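One structure is given below, encoded as structure tokens.
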Amino acid sequence: KKSVLTHDEL
Amino acid sequence: MNIFWLTGDLSHLAAIVILLLKIWKTRSCAGISGKGQLLFALVFTTRYLDLLTSFISLYNTSMKLIYIACSYATVYLIYMKFKATYDGNHDTFRVEFLVVPVGGLSFLINHDFSPLEILCTFSIYLESVAILPQLFMISKTGEAETITTHYLFFLGLYRALYLVNSIWRFYFEGCFDLIAVVAGVVQTILYCDFFYLYITKVLKGKKLSLPA
């Protein structure tokens with residue numbers, strides 16, 4: 001699973 | 001988005017802009033680790049490759065572009081425009097000792113074994129330790145200009161705020177990223193000693209200097 005947080009967070 | 005996330009981003013932006021303006025206004029990069037800034041440019045480049053594959057929001061895209069542009073501008077000022085003022089003799093941290101292990105770790109521990117995800121994970125691990133060349137340089141020279149300490153303070157504060165943001169998102173959004181949280185804890189711990197000196201010295205109007 002992709003690390004969701006690290007793509008919408010900076 | 002919550003208040004900790006936003007203030008974290010703004011703190012990060014403040015750090016980057018403070019450093020860039022300091023170098024530009026004083027026409028000097030004395031006391032700044034060029035190697036550290038190269039690492040941050042590498043961090044932003046490898047993390048924000050997702051600009052090419054996914055769109056989150058106008059805010060997200062523009063902030064990423066600003067971070068990348070500012071970090072490359074800083075590297076340009078240090079290694080090209082104001083190269084004569086660069087204190088290479090004190091910037092002797094061996095960055096390969098960070099990049100190689102971090103590269104290996106990102107291959108071993110990641111959420112998805114794909115090039116973009118490995119690079120993004122690499123950037124998170126690398127960011128957590130990318131301040132070490134700068135801290136090493138300060139420990140070698142034994143002092144830092146006050147404006148440099150403001151830069152470090154905002155850079156450290158940003159990740160601490162992001163940790164609170166992670167707790168917030170865990171409770172209110174049910175999402176949790178172990179890699180980002182562990183790296184964030186490591187990153188914040190590295191700043192603790194500096195935070196102590198910043199609060200006890202710099203905020204009381206004294207220059208940050210270490211005992212010989």
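If you're wondering where the values come from, they're calculated on a predicted model, not measured in any experiment. In what follows, chains carry the letters A, B, and so on, assigned in the order in which the sequence lines appear, proteins first and then strands, with residues in each chain numbered from 1.
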What part of B:Phe44 is in contact with chain A, defined as an atom under 4.5 angstrom from a non-hydrogen atom: side chain, backbone, both or neither?
neither
Identify the heavy atoms of B:Trp5 and A:Asp8 that sit nearest to each other, and give their distance.
CZ2-O, 3.2 Å
If you compare all heavy atoms of B:Tyr162 against all heavy atoms of A:Leu10, which two are closest, and at what distance to 0.1 Å?
OH-N, 2.9 Å
B:His150: ring pair (Phe, Tyr, Trp, His ring centres under 6.0 Å) partners, not counting sequence neighbours
B:Tyr198
Where do A:His7 and B:Lys64 come nearest, in terms of heavy atoms and distance?
O-NZ, 3.1 Å
Under 4.5 Å from a heavy atom of chain A, the part of B:Asn165 involved
side chain
More than 12 heavy atoms from other groups under 6.0 Å of CZ on B:Phe4:
no
What do you reckon, is CZ of B:Phe170 surrounded by more than 12 foreign heavy atoms closer than 6.0 Å?
no
For the NZ atom on B:Lys140, are there more than 12 heavy atoms of other groups (residues, nucleotides or ligands in this structure) within a distance under 6.0 Å?
yes
Are more than 12 heavy atoms, taken from residues, nucleotides or ligands other than B:Phe55, located less than 6.0 Å from that residue's CZ atom?
yes
